[in-house]
Number of protein chains: 2
Amino acid sequence: MEEIDRRIVTLLARDGRMSFTDLARETGLSVSAVHQRVRRLEKRGVLRGYAALVDYDSIGLPLTAFVSIKPIDPAAADDAPDRLAHLSAVEACHSVAGDESYILKVRVASPIALEELLNQIRTAANVSTRTTVVLSTPYEHRTPEPAGEDGGGPEERA
Amino acid sequence: MEEIDRRIVTLLARDGRMSFTDLARETGLSVSAVHQRVRRLEKRGVLRGYAALVDYDSIGLPLTAFVSIKPIDPAAADDAPDRLAHLSAVEACHSVAGDESYILKVRVASPIALEELLNQIRTAANVSTRTTVVLSTPYEHRTPEPAGEDGGGPEERA
DNA sequence: AGTGAAATAGTCCGAGT
DNA sequence: ACTCGGACTATTTCACT
């Protein structure tokens, strides 16, 4: 991955609807060249898609939580992600190192809805759960700077 | 929030670059009407922006982790989010209930970069950290179904 | 809030370097 | 891999219902 591609990715990560015309202006390339690069980045899977960022309070899902899960039978086949995929409230599922197997991020309408969801998670995946309720979100969906060719990576913001 | 608006929000959450023409077809409205609704949803803050979904492996940040932080001085002013905002690697910051104060989601290039980042977090915000490394991510950025006017909310996927 | 139409702007592809 | 140019499609605004 090269400088201009990284720039395109960063720009689109910050504004997913930016036009090719604007991208061309920002990168100093022609519109066609940018178009070609974006299509290639999409095909290579570097750009995995585009999403609107939604205010969940506004759409009736004001309660966010992280749910850590652990199989009740430690020998069980670890297909928890598949078993939970049908639950719309589960926004993300990460396999993690540590005492628990997965961390889920969930969005629900209310404490009662959370209780029901936890019951569904437990029965669907045969797991125990530990829930951390989110009180507020100072920021989210920021875009980490791509790392250079070296593995060091800039942790400081430009 | 009404049925058609919820539909527009869901469609754009799933494909942030969907054209007004396509949105019009999906909702049965005219292009102008959809346009007007989208602009209103943006102004009301229901649609907070648009983002490209990036494959972090491809841009040199293959290591994701959740970092829970706790102030060393429990009486300290709780400005940790501000003190950490300059760290590009910090993708999200959630204030949470429980033993720790915040959960951060971070993306780094390597274990060494993670170590350096944790040091920066500790000194910048005067906190202790507890880190959970993400091994893999079965899914992420899914779009929970908006809840109806009732607070119940559908946890099952359509 | 909605429609339709017209002007502007962006997307996309082919040919050429 | 990039540029240019042209055909096509989408966005945006406005007058009207």
Side-chain angles (χ1 to χ4, degrees), chain A residues 1-61 141 143 145-150 158, chain B residues 1-61 141 143 145-150 158:
Chain A
M1 272 262 306
E2 157 231 338
E3 176 59 24
I4 292 181
D5 281 342
R6 262 180 277 145
R7 181 144 180 70
I8 289 171
V9 169
T10 301
L11 287 165
L12 283 173
R14 284 164 155 71
D15 176 7
R17 292 196 78 127
M18 184 176 284
S19 70
F20 293 107
T21 308
D22 287 348
L23 284 171
R25 210 175 19 71
E26 296 280 345
T27 55
L29 291 177
S30 71
V31 172
S32 306
V34 169
H35 188 264
Q36 198 175 317
R37 277 173 183 259
V38 169
R39 290 294 175 251
R40 199 181 51 216
L41 289 165
E42 288 170 348
K43 221 172 81 191
R44 279 199 269 161
V46 180
L47 294 170
R48 303 176 52 173
Y50 302 89
L53 304 179
V54 173
D55 176 49
Y56 284 95
D57 288 7
S58 303
I59 62 165
L61 301 173
H141 307 304
T143 306
E145 292 288 337
E149 297 308 308
D150 64 306
Chain B
M1 273 263 304
E2 157 230 337
E3 176 59 22
I4 292 181
D5 281 342
R6 262 180 278 145
R7 181 144 182 70
I8 289 172
V9 168
T10 301
L11 287 166
L12 283 174
R14 283 165 156 72
D15 176 5
R17 290 195 78 126
M18 183 175 284
S19 70
F20 292 105
T21 309
D22 287 349
L23 283 172
R25 211 175 18 69
E26 296 279 343
T27 55
L29 290 178
S30 70
V31 173
S32 308
V34 169
H35 188 264
Q36 196 175 323
R37 277 173 182 261
V38 169
R39 291 293 174 250
R40 198 180 52 217
L41 289 165
E42 288 170 349
K43 223 174 78 193
R44 279 199 268 160
V46 180
L47 294 171
R48 302 175 52 172
Y50 303 88
L53 304 179
V54 173
D55 176 47
Y56 285 96
D57 287 8
S58 303
I59 62 165
L61 301 173
H141 307 306
T143 306
E145 293 287 338
E149 298 309 309
D150 65 307

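No donor-acceptor pair under 3.5 Å is formed between the side chain of B:R14 and the backbone N or O of A:Y50. The main-chain N or O of A:T27 is never found under 3.5 Å from a side-chain atom of A:R7 such that the two would form a donor-acceptor pair.
Atom CZ in A:R37 sits roughly 14 Å away from atom C1' in D:dT3 (whole-Å rounding). Rounded to whole Å, atom C1' of D:dA10 lies 16 Å from atom CD of B:E26. Atom CD of B:Q36 and atom P of D:dT11 are 16 Å apart (whole Å). Atom pair A:E2:CD and D:dA1:P shows a separation of 9 Å (rounding to whole Å applied). Here the P atom of nucleotide C:dG2 and the CG atom of B:L29 are 6 Å apart, to the nearest Å. Atoms CZ (B:R25) and P (D:dT11) sit 12 Å apart, rounded to a whole Å.
A salt bridge links B:D5 with B:R40: the distance from a Lys NZ or Arg NE/NH1/NH2 to an Asp or Glu carboxylate oxygen falls below 4.0 Å. A salt bridge links A:R37 with A:E2: at least one charged nitrogen is closer than 4.0 Å to a carboxylate oxygen.
Counting heavy atoms from C-beta outward, A:E42 and A:V38 have side chains that approach closer than 4.5 Å. When side chains are defined from C-beta on, B:L12 counts as touching B:L23, because their heavy atoms get closer than 4.5 Å.
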Expected string for nucleotides 10-17 of chain C under the B/S/- scheme (protein heavy atoms, under 4.0 Å, primed atoms plus P, OP1, OP2 as sugar-phosphate) is SSBB----
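Closest to the side chain of A:R40, from the set D:dC2, D:dA1, C:dT3, is D:dA1.
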